[in-house]
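Input: a single structure, listed below in structure tokens.
Numbered from 1 within each chain, the chains take letters A, B, ... in sequence-line order.
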Amino acid sequence: MAERITPRSQDYSQWYVDIVLKAKLADYAPVKGCMVVRPRGYALWERIQSVLDAMFKETGHSNAYFPLLIPESFLKREAEHVEGFAPELAVVTHAGGEKLEEPLVVRPTSETIIWSMYKKWVQSYRDLPLLINQWANVVRWEKRTRLFLRTTEFLWQEGHTAHATEAEAAEETLRMLGVYRRFAEEFLALPVLAGLKSDSEKFAGAVRTYSIEGMMQDRRALQAGTSHFLGQNFAKAFDVAFQTKEGGLDFVWATSWGVSWRLLGALIMTHSDDKGLVLPPAVAPTEVVVVPIYKNDTKDKVVEFARGFHRRLREHLRAEIDDDDANSPGWKFSEWELLGVPVRVEVGPRDIDAGKVVLARRDTGEKISVDAASAPERIRELLAEIQTSLFERARSFRDKNTFKAESFEELKAIFDGEGGFVEAGWCGAVECEAGIKEATKATIRALPLDSPGASGSCVSCGKQAVVRAVFARAY
RNA sequence: CGGGCUGUAGCGCAGUUGGUAGCGCGCAUGGUUCGGGACCAUGAGGUCGCCGGUUCAAGCCCGGCCAGCCCGACCA
């Protein structure tokens, strides 16, 4: 039977859920809000991990691991931090058959336990910088969950760095934002807007929060990664001071930054279509699949050829072959499209006789017949083309749906319509930000880093703007 | 935490005025097929979300509970 995917035009949310379930990326777990990542989804996460991890190492970071359970009192040391996270904590009160003296919080993020350790490890400027990342699971008891985008438990990485100077920490914050941006654009083919968060959107306990924001196909924004400049907030809360080179005593300057498996949600909602998943080749666990097409009398010849061809492909590519007898070629075509494999090779008796194979692109559906001998090279070119083309397509969609608004009426009109990213002047007042959210459901996604700065008047109150802000409805 | 919807085979669903459960897909076996989701035959698979009530009899009626998803407010 056709595994029907709800079309995007009919119900975008349901389309997203259908893709996740039917492309076998994940499934609902028995616990509310929790999700099982299936092998096809986990393979994607592993690709993300391996590339990002290499980028972190290149920028001087090392991996470590801190415990899942955090003494409840640690969370309370930083006032804003506890206020921000308290409502969504899972707390262990009993263990080993007894009530615990002090409840243990299942980490919603690891700043507090990490800074409690940094206190032991940092005495001198010679101990700095401390550049540590961890790959971990965290738990946040969210009211409303969505596969990959917001689950009760999720996998992520969190970098936590300690520096001797404010400037160095500020530089680190932006460096890692840059790493995220480059990773999103070059690897995931996601064009992202990099910028500063407004105070109301910043991380609980941060001085400044930066993020990268992608535009999904429904024109809503998705925060795809964050990098926080924490100032000396956590150093003060955990009393992490060090001897400076000059002999003085100073609190350490900090950053933290993270991306989660939410990136998979961003990938899906940016590139996929009504036939299923569409993956950028760089992230696709399988880059190319070979589908032999045969009748009874040609089966041996075709399968043998296809297997040989597959072996050649495997020398340089992540290649699979689907020579399962149970399904027809048409069924296989649809199935591999659903699973998002970027290039499909079709090999039948006609092709073999002509010394050709057919290459089918997942992103455009286009098919070309090429010489079998040069096909592996042609496939590699095609994969590169697909990678570029997906990025360009997404960027062009985003640019087409990015607007400037000079007045509240203009801004409102855009969000009364299809929405998108709207750049507008902002005076910096929380009342104006809240008023716009009230009227349009759009929030400030970012104050763009490459923005020309203040110009014109605030889109809400009309006073002199201090920054240009990008508004959008967000996930 | 509000609003909506839904719990019946692995999945999607039907089940009439209450009468003791069925369809499609999938799955298993065998055979025929195979260039865009093939077909035939045979077969396996169910404490109808849970508890209680009404009744000779409950998937269906009544009461309560639980769970899940989707939509909002809050968040990666």
Problem set entry | Test salt bridge (Lys or Arg N to Asp or Glu O under 4.0 Å) applied to A/Glu80 - qualifying residues, sequence neighbours left out | none
Does [N] have OP1 or OP2 sitting under 4.0 Å from an N or O in the side chain of [X]?
| X | N | answer |
| --- | --- | --- |
| A/Lys143 | B/C74 | no |
| A/Ser328 | B/A38 | yes |
| A/Lys22 | B/G26 | no |

Exercise. Is there a side chain to side chain contact (heavy atoms under 4.5 Å, CB included) between A/Val291 and A/Val347 once you walk through the steps?
Worked result: CA-CA 6 Å; A/Val291 178; A/Val347 188; over 6 Å; no
Please tabulate, one pair per line, each protein N/O and nucleotide N/O from nucleotides 67-71 of chain B that are separated by under 3.5 Å, including the distance.
from, atom 1, to, atom 2, distance (Å)
B/G68, OP1, A/Lys32, N, 3.1
B/C69, O3', A/Tyr28, OH, 3.3
B/C70, OP1, A/Tyr28, OH, 3.3
B/C71, OP1, A/Ser13, OG, 2.3
B/C71, OP1, A/Arg146, NH1, 3.2
B/C71, OP2, A/Arg144, NH1, 2.8
B/C71, OP2, A/Arg144, NH2, 2.7
B/C71, OP2, A/Arg146, NH1, 3.3

Students often get this wrong, so: under 4.0 angstrom with heavy atoms, is [X] touching a base, only sugar-phosphate, or nothing?
| X | answer |
| --- | --- |
| A/Leu222 | nothing |
| A/Lys299 | nothing |
| A/Glu142 | base |

How many Å lie between [atom1] on [X] and [atom2] on [N], as a whole number?
| X | N | atom1 | atom2 | answer |
| --- | --- | --- | --- | --- |
| A/Tyr475 | B/A73 | OH | P | 13 Å |
| A/Lys332 | B/A38 | NZ | C1' | 13 Å |
| A/Ile293 | B/G36 | CD1 | P | 8 Å |
| A/Glu438 | B/A73 | CD | P | 10 Å |

If pairing requires Watson-Crick or G-U wobble contacts with both distances under 3.5 Å, which nucleotide is the partner of [N]?
| N | result |
| --- | --- |
| B/A73 | none |
| B/C39 | B/G31 |
| B/G63 | B/C51 |

Exercise. Is there a salt bridge (Lys or Arg N to Asp or Glu O under 4.0 Å) between A/Arg140 and A/Glu153 once you walk through the steps?
Worked result: CA-CA 6 Å; A/Arg140 298 183 187 175; A/Glu153 179 188 4; over 6 Å; no
For this session: Please work out which residues in residues 339-369 of chain A have a non-hydrogen atom less than 4.0 Å from an atom of RNA chain B and list them by number.
Result: A/Arg344, A/Glu346, A/Gly348, A/Pro349, A/Arg350, A/Asp351, A/Val358, A/Lys367
Problem set entry | Proximity to RNA chain B (any heavy atom under 4.0 Å), residues of residues 266-282 of chain A only | none
Exercise. Do A/Arg262 and A/Phe148 meet the cation-pi criteria used here (NZ or CZ under 6.0 Å from the six-membered ring centre, within 45° of the axis)?
Worked result: no
Seminar exercise, completed: ring-ring contact (aromatic ring centres under 6.0 Å, His included) with A/Phe85: of A/Phe74, A/Phe203, A/Trp141, only one passes, and it is A/Phe203
Under 3.5 Å, which donor-acceptor pairs link side chains of residues 33-43 of chain A to any protein atom two or more places apart or in another chain?
none

Problem set entry | A/Thr151 side chain to A/Leu147 backbone, donor-acceptor under 3.5 Å | no
Side chain of [X], heavy atoms from C-beta onward: which of [options] has the nearest atom to it?
| X | options | answer |
| --- | --- | --- |
| A/Asp325 | B/A76, B/C34, B/A73 | B/C34 |
| A/Phe154 | B/G36, B/G35, B/A76 | B/A76 |
| A/Asn296 | B/C34, B/G37, B/A76 | B/C34 |

For this session: Output all residues satisfying side chain to side chain donor-acceptor pair (under 3.5 Å) with A/Thr161, sequence neighbours left out; order by chain, then residue number.
Result: A/His163, A/Thr255
